[in-house]
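To start, the structure itself, in structure tokens.
Whatever order the structure lists them in is the order used to number ligands and atoms, beginning at 1.
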Amino acid sequence: MNKKIMLVDMDAFFVSCEVAARPKLRGKPVGVCTGPQRGGVVASVSYEARKYGVKAGMPTFKVRDLCPGITLIPADAIKYAYISDSIMEYLKNKFEKVEIFSVDEAFIDVTNVKDPIEVGMEVKDHIKKTFHTPLTIGIGPSRVIAKMACEVSKPDGLLEIKESELLDKLGHLEVYEIPGIGERSGEALRSMGIRTVQDLWEVDEGLLTRKFGIRGKWFKDLAMGKDTGFFTLLENGAPLKSIGHSETFPRDIIDEEEIKNYTLYLCEKVGRRLRKHKVMGYGISVYIRYYDFTGNGISRKFAKPLFTTSEIYNSALFLLNQIREIKPVRLIGVSVFALAPVKIQLSIFNDDCKEVRLERTLDKINDTYGDFTVRRARLAGMQSIHHAIPPRGIPR
Ligand code: TTP
Ligand code: MG
């Protein structure tokens with residue numbers, strides 16, 4: 001049976017969270033900015049402000065030039081995380097298979113849902129009534145088509161695109177509007193005279209693979225809604241309590257050693273938090289996302305709990321090697337779940353245990369002098385990573 005995927009994506013999410021508490025701003029140009037007021041950028045922009053050409057990522061001084069009447073509100077990450085969690089919790093209770101893709105997007109497998117449009121309307125009503133935040137729902141035979149259905153019907157939309165309607169409804173879109181085909185590949189396709197989704201349907205696959213290799217076939221599959229290879233991730237119903245960390249890398253990485261280094265860095269972050277909260281975990285999840293929008297995740301439970309960074313790292317690497325494809329990596333996430341308090345009599349808390357002693361000492365130094373003051377040799381010289389928002393596709 002063909003897959004049916006629903007994407008729930010909040011409209012102007014950060015702005016909507018703020019407007020929910022200030023109804024007077026509804027229908028007005030509003031932006032949420034991060035960083036210092038002067039010199040910061042807008043992370044989220046209301047649809048009214050978009051009419052003035054204001055876009056997410058623009059510096060605030062430019063935003064004010066384009067739209068002098070705009071209300072700019074400093075970001076309140078905790079508020080957005082709380083609303084996001086509550087919305088995702090509702091979706092996870094309502095549906096069997098939910099993949100939380102970013103702070104405001106979730107993919108849901110609705111293959112076995114009798115009337116996805118009606119259910120989509122229920123979801124929209126419930127979220128709007130409960131959180132006073134608008135949203136759009138796209139439904140399609142693949143994640144990419146669900147995303148495109150969502151994009152073309154934003155804001156406050158609901159659209160299903162069936163396989164037989166793909167050309168009718170999306171054929172006119174430019175190739176770079178297909179998620180996964182970036183500006184650069186879009187430009188290369190255009191230089192070959194392939195400008196629209198319909199052009200991709202019609203072009204000979206051989207021509208594409210000669211120019212782009214395997215990615216050429218993939219471009220065509222994306223356009224035709226055939227990217228249903230997997231519907232991923234963590235089983236829904238994985239224990240709620242977990243400690244995880246994921247990062248979008250400063251650039252896509254392909255080098256084996258670098259991937260290992262970043263994985264160790266993530267495990268160190270997770271390990272430190274486990275030790276700080278004096279908990280250990282009987283399960284671990286690893287999630288990977290590639291430059292091309294695809295990704296995969298895997299979880300395992302163990303009889304023996306994970307506690308030290310090296311234990312977490314060894315398990316994470318083992319799982320990563322089972323799912324990793326050889327293509328540039330954009331994001332890795334590591335999360336330890338099935339948490340339990342550390343019992344003092346456990347051998348891992350025995351001070352004779354060299355590994356635990358070493359890690360406690362490292363933690364102490366880093367607690368006093370700042371993160372990663374003392375690093376494992378593998379992490380020396382690694383570029384540090386910062387980001388303002390939770391990256392997309394975090395396993396929770
Ligand atoms: P998006 O879903 O990309 O944007 P949006 O919800 O504001 O607007 P749309 O209606 O087009 O979906 O991102 C979700 C939130 O993530 C967004 O409200 C703000 C935050 N965000 C950033 O902080 N930085 C960014 O670069 C992007 C793209 C989003
Ligand atoms: Mg959104």
For ligand 1, the portion of Asp9 having any non-hydrogen atom under 4.0 Å away: side chain
Say whether Ala56 and ligand 1 are in contact under the criterion: heavy-atom distance to a ligand atom below 4.0 Å. no
Using a 6.0 Å distance limit plus a 45 degree cone around the ring axis, check whether Arg64 lies over the aromatic ring of Phe61. no
With sequence neighbours left out, which residue pairs that include part of residues 195-210 fulfil the salt bridge (Lys or Arg N to Asp or Glu O under 4.0 Å) condition? none
Is the shortest N/O to N/O distance between Met10 and ligand 1 below 3.5 Å? yes
Atom pairs and distances, donor-acceptor, side-chain atoms in residues 163-174, under 3.5 Å, two or more places apart:
unit_1: Glu163; atom_1: OE1; unit_2: Asn2; atom_2: ND2; d: 3.2
unit_1: Glu165; atom_1: OE1; unit_2: Lys162; atom_2: N; d: 2.8

Considering only heavy atoms, does Arg50 approach ligand 1 within less than 4.0 Å through its side chain, its backbone, both, or neither? side chain
Structural part of Ala43 in contact with ligand 1, heavy atom criterion under 4.0 angstrom: both
N or O contact, Val15 vs ligand 1, cut-off under 3.5 Å: no
Would you please name every residue forming a side-chain hydrogen bond (donor to acceptor under 3.5 Å, both in side chains) with Glu177, sequence neighbours left out? none
Under 2.8 Å from the Mg ion (ligand 2), the protein N, O or S atoms found are Asp9 OD1, Met10 O, Asp104 OD2
Close side-chain approach of Val329 and Tyr262, heavy atoms under 4.5 Å: no
Count the heavy atoms belonging to other residues, nucleotides or ligands that lie under 6.0 Å from CZ of Phe302, then report whether that count exceeds 12. yes
Flag Glu105 as yes when one of its N or O atoms lies below 3.5 Å from any N or O atom of ligand 1, and as no otherwise. no
Using non-hydrogen atoms of the residue, decide whether Tyr47 is closer than 4.0 angstrom to ligand 1. yes
